[in-house]
Amino acid sequence: MPPIDNESKTLIKTVTALFILQILARQSAYGNQIAAEIKRVTERAVQPNPNFLYPLLRQMEQDGYIEGQWENPDTRGKRIYTITQSGHAYRQALKGIVHTKLLELERRHQAIKKFLFEN
């Protein structure tokens, strides 16, 4: 299998960021909850790797799209994330980007199906 190119990595990161913001727009959550919810809503089609998810959460927190607070600052067991006002605005922007990309992928998928199964 060929390596994942930069365009695909960017799309995966963008879609995952949108999942995070969509989930946090409904309720605060910690990392494992976010991962579990992504798995649930995608019927396990998307299973975020913790080595990918947690750096993305930290980056989104640094960028001001989400805020995190330790559930118990003494033990630092779970970091509970909430969406910020900037995060709500970013969520709307990401929706447009992801929607456009998904439409393009659907168009390509239809072209492939047409070639393979309608001849």
Side-chain angles (χ1 to χ4, degrees):
M1 179 175 241
I4 297 174
D5 61 29
N6 283 340
E7 182 182 353
S8 296
K9 287 180 183 175
T10 300
L11 178 60
I12 292 168
K13 188 174 181 180
T14 303
V15 170
T16 304
L18 182 54
F19 271 118
I20 291 168
L21 294 173
Q22 287 287 101
I23 291 165
L24 295 180
R26 289 185 293 164
Q27 66 180 28
S28 299
Y30 55 91
N32 284 343
Q33 281 181 310
I34 293 168
E37 184 65 2
I38 292 171
K39 288 180 196 174
R40 186 189 70 76
V41 300
T42 64
E43 298 178 359
R44 303 186 68 79
V46 177
Q47 300 187 43
N49 182 321
N51 294 328
F52 175 77
L53 182 64
Y54 284 97
L56 181 57
L57 286 167
R58 282 192 295 277
Q59 182 63 52
M60 292 174 71
E61 189 174 2
Q62 289 173 355
D63 293 341
Y65 301 130
I66 61 176
E67 292 177 341
Q69 291 188 334
W70 294 108
E71 183 179 59
N72 182 340
D74 294 331
T75 61
R76 300 180 69 173
K78 293 179 185 173
R79 192 157 179 83
I80 308 296
Y81 296 97
T82 56
I83 190 170
T84 65
Q85 286 302 315
S86 293
H88 284 288
Y90 189 50
R91 180 171 63 111
Q92 294 306 317
L94 286 182
K95 280 183 174 181
I97 293 167
V98 170
H99 187 255
T100 299
K101 190 63 181 174
L102 291 178
L103 289 175
E104 176 60 21
L105 292 172
E106 286 176 12
R107 186 192 64 74
R108 291 179 183 176
H109 182 247
Q110 289 301 322
I112 291 168
K113 280 178 50 179
K114 182 177 180 180
F115 179 79
L116 294 176
F117 303 111
E118 293 181 14
N119 291 321

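Closest of all the heavy-atom pairs between Leu57 and Tyr81 is CD1-CE1, 3.8 Å. Among all heavy-atom pairs drawn from Ala17 and Leu56, the shortest one is N-CD2, 3.9 Å. Heavy-atom minimum distance, Ala35 versus Leu53: CB-CD2, 3.8 Å. When all heavy atoms of Pro55 and Pro50 are compared, the pair lying nearest together is CD-O, 3.7 Å.
Proximity of His109 to Ile112: side-chain heavy atoms (C-beta onward) are nowhere separated by under 4.5 Å. Contact of the Lys78 side chain with the Gln33 side chain is not registered, since no non-hydrogen atoms from C-beta on lie closer than 4.5 Å.
A side-chain contact (heavy atoms from CB on, under 4.5 Å) with Phe19 holds for exactly one of Thr14, Val41, Leu24, Ile34; it is Val41. A side-chain contact (heavy atoms from CB on, under 4.5 Å) with Met60 holds for exactly one of Thr84, Ile83, Ile20; it is Ile20.
Here CZ of Arg79 is found 5.5 Å from CH2 of Trp70. Values are rounded to the nearest 0.5 Å. Once rounded to the nearest 0.5 Å, the distance linking CG of Leu11 with NZ of Lys13 reads 12.5 Å. Interatomic distance, CD of Gln27 versus CD of Glu37, reported as 7.0 Å (0.5 Å rounding). Separating the CD1 atom in Ile66 from the CZ atom in Arg91 is a distance of 13.5 Å, to the nearest 0.5 Å.
Cluster membership for Leu103 and Leu105, using ILVMFWY side-chain heavy atoms within less than 4.5 angstrom, is not shared. Linking Ile, Leu, Val, Met, Phe, Trp and Tyr residues whenever their side-chain heavy atoms come within less than 4.5 Å leaves Phe52 and Tyr30 in two separate clusters. Using a 4.5 Å cut-off between side-chain heavy atoms of Ile, Leu, Val, Met, Phe, Trp and Tyr, with links allowed through other members, Leu18 and Ile12 fall into the same hydrophobic cluster.
Contact check on Lys101 versus Glu104 returns no salt bridge, with no Lys/Arg side-chain nitrogen under 4.0 Å from an Asp/Glu carboxylate oxygen.
Glu67 is linked by a side chain to side chain donor-acceptor pair (under 3.5 Å) to nothing, counting only residues two or more places apart in sequence or in another chain.
The neighbour count for His88 NE2, taken as heavy atoms of other residues, nucleotides or ligands under 6.0 Å away, is above 12. Residue-environment remark: CD (Gln110) exceeds the threshold of 12 foreign heavy atoms within 6.0 Å. The neighbour count for Glu43 CD, taken as heavy atoms of other residues, nucleotides or ligands under 6.0 Å away, does not exceed 12.
Remark: the backbone N or O of Ile80 is not paired with any side-chain donor or acceptor of Ser28 at under 3.5 angstrom. Using a distance-only test at 3.5 Å, with no hydrogens or angles considered, a donor-acceptor pair links the side chain of Asn49 to the main chain of Asn51.
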